[in-house]
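For clarity, every value in this text was computed on a predicted model and none was experimentally measured.
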Amino acid sequence: MQQRLARGEAAALGELYDRFASLVYSLAHRVLDDDAAADQITREVFGQVWEDPHAYDPKQGSLRSWVAGLTHRQAVHRLRQSGSAELTDGGDGGRASEELEQKVRRASAAARADYIVTSMPAPLRAALELAYFQRRDYRQTVADLGVTEDEARRRLRLGLQLLSTANPPHQDGLSSPPGFGERRR
């Protein structure tokens, strides 16, 4: 895909868009809580991919993770920009700045949780959806999945462990969650 994009194949961009547009839009919307802004971020992310396909390094992770990371960074940047504009209009800069950073951290964790759920293996996702999102009790979850109680417990435990990584502790409070499509330099 990257090589096709580098050669300027518009069809490759179309395939990439078909594969990841809903992910990009949902992550951007989760951070910004704004349809128009999420649409804009979606266009910007795919524009950035088209303009610089060599920025993706397969050694750093999957194409999906890279696109999600681009989206996350763009959306958080937009959130900070809009928050900074509000800060200059308001009076209490220190408190408002702290509130903005808390909002950015919450949005980042929520976006990461969405990404984790959508990218986890289907058996784990199905177990979590039944038990937590559809409010099935343990026996109903086991029956709906058609697995043993031990297997259902294992799937739920693994799914919850993955979700627990969505909000890691931050030393400075300003960084995005580690591993969220970020490239090490």
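Side chains of Gln3 and Glu9 form no contact here, defined as non-hydrogen atoms less than 4.5 Å apart. Using a 4.5 Å cut-off on side-chain heavy atoms (C-beta onward), Asp137 and Thr141 make no contact. Residues Val31 and Ile41 fail the side-chain proximity criterion, which asks for heavy atoms closer than 4.5 Å. Put simply, the side chain of Gln48 reaches to within 4.5 Å of the side chain of Leu70, judged on heavy atoms. Using a 4.5 Å cut-off on side-chain heavy atoms (C-beta onward), Glu15 and Arg4 make contact. Within the 4.5 Å cutoff, the side chain of Thr148 has no heavy atoms near those of the Val142 side chain.
The nearest pair of heavy atoms linking Gly8 to Trp50 is O-CH2, 3.2 Å. Scanning both residues, Ala126 and Leu145, for their nearest heavy atoms gives CB-CD2, 4.0 Å. For the residue pair Leu5 and Pro53, the shortest heavy atom distance occurs at CB-CB, 3.7 Å. Smallest separation of non-hydrogen atoms from Leu27 and Ala68: CD1-CB, 3.7 Å. Nearest approach of Tyr25 to Ala38, heavy atoms of both residues: CE1-CB, 3.4 Å.
With respect to Arg136 and Glu129, no salt bridge is recorded, no charged nitrogen being found less than 4.0 Å from a carboxylate O. A salt bridge links Arg155 to Glu151: one of the charged nitrogens lies within less than 4.0 Å of a carboxylate oxygen.
Separation of atoms CZ (Phe46) and OH (Tyr17) is listed at 6.5 Å; rounding is to 0.5 Å. From Gln161, atom CD reaches atom CE of Met120 across 10.5 Å, with rounding to the nearest 0.5 Å. Taken to the nearest 0.5 Å, the OG1 atom of Thr165 stands 11.5 Å off from the CG atom of Leu160. From Asp57, atom CG reaches atom CD of Gln2 across 8.0 Å, with rounding to the nearest 0.5 Å. Going from atom CG of Leu63 over to atom CZ of Arg19 covers 6.5 Å, rounded to the nearest 0.5 Å. How far CG of Leu16 is from CZ of Arg64: 11.5 Å, rounded to the nearest 0.5 Å.
Residues forming a ring pair (Phe, Tyr, Trp, His ring centres under 6.0 Å) with Phe20 (at least two apart in sequence, or on another chain): none.
Transitive grouping of hydrophobic side chains (ILVMFWY, heavy atoms separated by less than 4.5 Å) brings Leu23 and Leu13 into a common cluster. Met1 and Val45 fall within the same hydrophobic cluster, defined by Ile, Leu, Val, Met, Phe, Trp and Tyr side-chain heavy atoms under 4.5 Å apart, directly or through other members. Both Val147 and Leu130 are part of a single hydrophobic cluster, where members link through side-chain heavy atoms under 4.5 Å apart.
Between the side chains of Asp35 and His29, a donor-acceptor pair is found at a separation under 3.5 Å.
Within a 6.0 Å sphere centred on CZ of Arg7, other residues, nucleotides and ligands contribute more than 12 heavy atoms.
Under the 3.5 Å distance criterion, the side-chain polar atoms of Ser65 are left unmatched by any main-chain donor or acceptor of Gly61.
Counting only residues at least two apart or in different chains, side-chain hydrogen bond (donor to acceptor under 3.5 Å, both in side chains) contacts with residues 37-47 comprise Gln40-Arg43, Gln40-Glu44, Glu44-Gln74, Glu44-Arg78.
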